[in-house]
Amino acid sequence: MMLQAPATKYTAFPPVKLDDRQWPSRTITKAPIWMSTDLRDGNQALFEPMNAERKMRMFKRLCAIGVKEIEVSFPSASQTDFDFVRKLIEEKHIPDDVTIEVLAPAREPLIRRTFESLKGARRAIVHIYNATSRPFREIVFGMDKAEVVNMAVSAVKLVRQLCQENPETEWVLEYSPETFTATELDFALEVCNAVTEAWGATPDNKIILNLPTTVEVATPNIYADQIEWMHRHLARRDSILISLHPHNDRGTAVAAAELGLMAGADRVEGCLFGNGERTGNVDLVTVALNMYTQGVSPNLDFSDINAVARDYEHCTQLPIHPRHPYVGDLVFTAFSGSHQDAIKKGFARQRPEEQWNLPYLPIDPADLGRSYESVIRINSQSGKGGIAYLLETEYGVVMPRRLQVEFSGEVQRYTDTHGGEMEAADIWALFSRTYLENETPIAYVEHHLFEDGSAQGIRLTVQKNGEKYVLTGKGNGPIDAAVHALGTAGVAVQVRSYEERSMGKGEDAKACAFMEVMLAGGERECYGVGMDANIVTASIRALVCGVARLLGNGQG
């Protein structure tokens with residue numbers, strides 16, 4: 001049945017009166033100031049918010065990427081958020097060139113609590129907000145326009161007073177007229193000008209005015225018009241940084257951010273891969289790499305995009321879609337024969353000194369620490385799907401996506417040599433030889449676990465070059481202990497991802513572990529697979545298998 005609604009239920013958002021708009025003829029020529037809200041807006045939208053370990057890992061990853069402004073928490077909202085800010089400051093985790101930001105509503109007790117969390121910070125951005133649109137004024141607050149302006153100005157004056165009382169910190173004010181895109185432009189301008197004046201903004205003491213699409217209510221060109229209108233009408237424009245905070249309710253947050261920058265904005269707020277309330281915040285990785293493909297340096301380091309993705313997935317417990325721009329597991333994988341042929345010919349003609357110009361690949365995968373993979377669909381004689389389908393249906397092996405891509409390369413090499421179609425048994429035999437029977441140059445023999453205080457210990461027996469060795473290690477769990485045990489033999493290995501599956505049911509069920517590993521100083525990752533009735537044994541077998549495959553391919 002076709003979706004139907006009364007014509008009066010929804011109305012188109014009115015256009016902005018801007019007859020001489022300039023943004024459509026502009027291009028983005030430089031990177032904006034990036035502000036990550038992964039630890040605040042992104043975190044509050046998680047089914048299970050990050051614990052202290054995950055928060056710290058995300059913070060350090062953002063610093064490593066090169067993000068210079070990071071919204072770390074909402075300290076007046078919970079003791080957990082308050083404590084995380086204190087931990088960053090007291091334990092000196094904040095690099096000198098990174099500024100932390102915290103959020104607070106325009107309410108006096110919460111603003112005071114926020115300042116308590118920031119004591120001792122070298123530099124901090126205090127981000128305050130209040131909603132300004134008509135529905136919030138009338139339904140939520142029961143205030144008229146003058147009262148809303150007074151709420152904002154009173155909060156700013158309090159922030160200014162508290163900044164003066166704590167001169168050891170370099171303070172920056174950010175103000176958000178929440179629901180900006182649904183607010184009458186002339187009133188949004190009135191609020192922002194009042195706030196700018198109350199702060200006493202100057203070119204040397206700028207205020208950040210965040211003009212968010214708190215909820216996307218119109219097409220991105222309307223947002224660009226709103227930004228350009230504000231850019232042209234704001235008082236003290238030379239004392240203001242206009243910040244964008246697009247949400248993705250209409251699926252156009254990236255476009256809104258790009259057009260907003262063309263319209264005069266200076267700064268973009270979002271999350272690495274776009275998580276956040278409802279449909280999420282703008283995806284910073286996509287915006288940044290879109291710029292990169294147009295010859296504009298984003299001033300962010302995504303040269304090892306896989307490491308960024310793995311940290312993100314660990315910290316948020318959210319999967320990255322396999323077709324996610326630039327980082328999805330399958331975006332540099334061609335299944336189509338015609339695509340494979342065009343890309344192969346493109347690589348053959350591409351010269352290092354020439355501009356990138358390959359069919360189907362808008363960016364060089366190598367720039368992101370990745371590679372192009374072509375995947376041949378190998379069908380069973382009954383024509384039911386490909387490699388992953390056959391292994392799952394015939395043998396119960398449900399491979400992670402990246403392993404599917406990796407193993408498809410093994411299948412391709414086999415078919416290039418032997419020709420013909422592979423049946424399920426042929427694919428299983430190749431999978432077993434590649435992952436389950438790979439005992440060169442190092443093989444798993446057995447292991448024994450022991451406890452040592454709060455640490456997990458392991459005595460791991462391996463066979464290397466015909467000799468058996470017993471390696472001992474300790475860690476925060478069996479896998480970490482095994483990694484340290486291998487390190488005592490000069491094999492420094494990093495676990496990049498880990499998944500486990502159950503094969504079969506009942507007493508005959510087996511655990512299947514998949515571990516993506518990388519040797520320290522190596523240039524590639526590969527998978528190890530382990531199967532056993534015991535999940536710990538399966539995991540350690542997978543680790544040793546991965547190391548054997550790396551060492552056997554000249555990575556050691």
Is the His233 to His231 ring centre distance short of 6.0 Å?
no
Mark yes or no for whether [X], through its side chain, and [Y], through its backbone, hold a donor-acceptor pair below 3.5 Å.
{"X": "Thr252", "Y": "Ala256", "result": "no"}
{"X": "Thr183", "Y": "Ser133", "result": "yes"}
{"X": "Trp229", "Y": "Arg21", "result": "no"}
{"X": "His247", "Y": "Asp249", "result": "no"}
{"X": "Glu406", "Y": "Tyr527", "result": "yes"}
{"X": "Thr214", "Y": "Thr179", "result": "yes"}
{"X": "Asn193", "Y": "Ala235", "result": "yes"}

Do [X] and [Y] have a side chain donor and acceptor closer than 3.5 Å?
{"X": "Glu258", "Y": "Asn290", "result": "yes"}
{"X": "Asp283", "Y": "His324", "result": "yes"}
{"X": "Gln44", "Y": "Arg40", "result": "yes"}
{"X": "Glu525", "Y": "Asn306", "result": "yes"}
{"X": "Glu101", "Y": "His127", "result": "yes"}
{"X": "Tyr292", "Y": "Gln294", "result": "no"}
{"X": "Ser243", "Y": "Glu269", "result": "yes"}

Compute both the distance and the angle, then confirm whether Arg113 meets the cation-pi test with Phe82: under 6.0 Å from the six-membered ring centre, within 45 degrees of the axis.
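Output yes; distance and angle both within limits.
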Establish, for the pair Arg137 and Phe187, whether the NZ or CZ atom is under 6.0 angstrom from the six-membered ring centre and no further than 45 degrees off its axis.
yes
Taking [atom1] in [X] as the centre, count heavy atoms belonging to other residues, nucleotides or ligands within less than 6.0 Å. Is the count above 12?
{"X": "Arg236", "atom1": "CZ", "result": "yes"}
{"X": "Arg323", "atom1": "CZ", "result": "yes"}
{"X": "Glu53", "atom1": "CD", "result": "yes"}
{"X": "Asp19", "atom1": "CG", "result": "no"}
{"X": "Asp97", "atom1": "CG", "result": "yes"}
{"X": "Arg134", "atom1": "CZ", "result": "no"}
{"X": "Glu354", "atom1": "CD", "result": "yes"}

What is the distance from atom [atom1] of [X] to atom [atom2] of [Y], rounded to the nearest 0.5 Å?
{"X": "Lys55", "Y": "Asp83", "atom1": "NZ", "atom2": "CG", "answer": "9.0 Å"}
{"X": "Asp311", "Y": "Thr316", "atom1": "CG", "atom2": "OG1", "answer": "10.5 Å"}
{"X": "Arg57", "Y": "Arg54", "atom1": "CZ", "atom2": "CZ", "answer": "9.0 Å"}
{"X": "Ile33", "Y": "Arg267", "atom1": "CD1", "atom2": "CZ", "answer": "6.5 Å"}
{"X": "Lys68", "Y": "Leu300", "atom1": "NZ", "atom2": "CG", "answer": "9.0 Å"}
{"X": "Leu361", "Y": "Phe332", "atom1": "CG", "atom2": "CZ", "answer": "7.0 Å"}

Go through the steps for Tyr223 and Trp23 under the test ring pair (Phe, Tyr, Trp, His ring centres under 6.0 Å), then give the verdict.
CA-CA 11 Å; Tyr223 184 52; Trp23 64 262; over 10 Å; no
Could you walk me through whether Tyr175 and Asn210 pass the side-chain contact (heavy atoms from CB on, under 4.5 Å) test, one step at a time?
CA-CA 6 Å; Tyr175 172 73; Asn210 178 38; over 6 Å; no
Is the shortest distance from a Lys or Arg side-chain nitrogen in Asp266 or Arg237 to a carboxylate oxygen in the other one below 4.0 Å?
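So Asp266 pairs with Arg237 through a salt bridge.
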Exactly one candidate in Asn275, Asn281, Val67 meets side-chain contact (heavy atoms from CB on, under 4.5 Å) with Asp38; the answer is Asn275
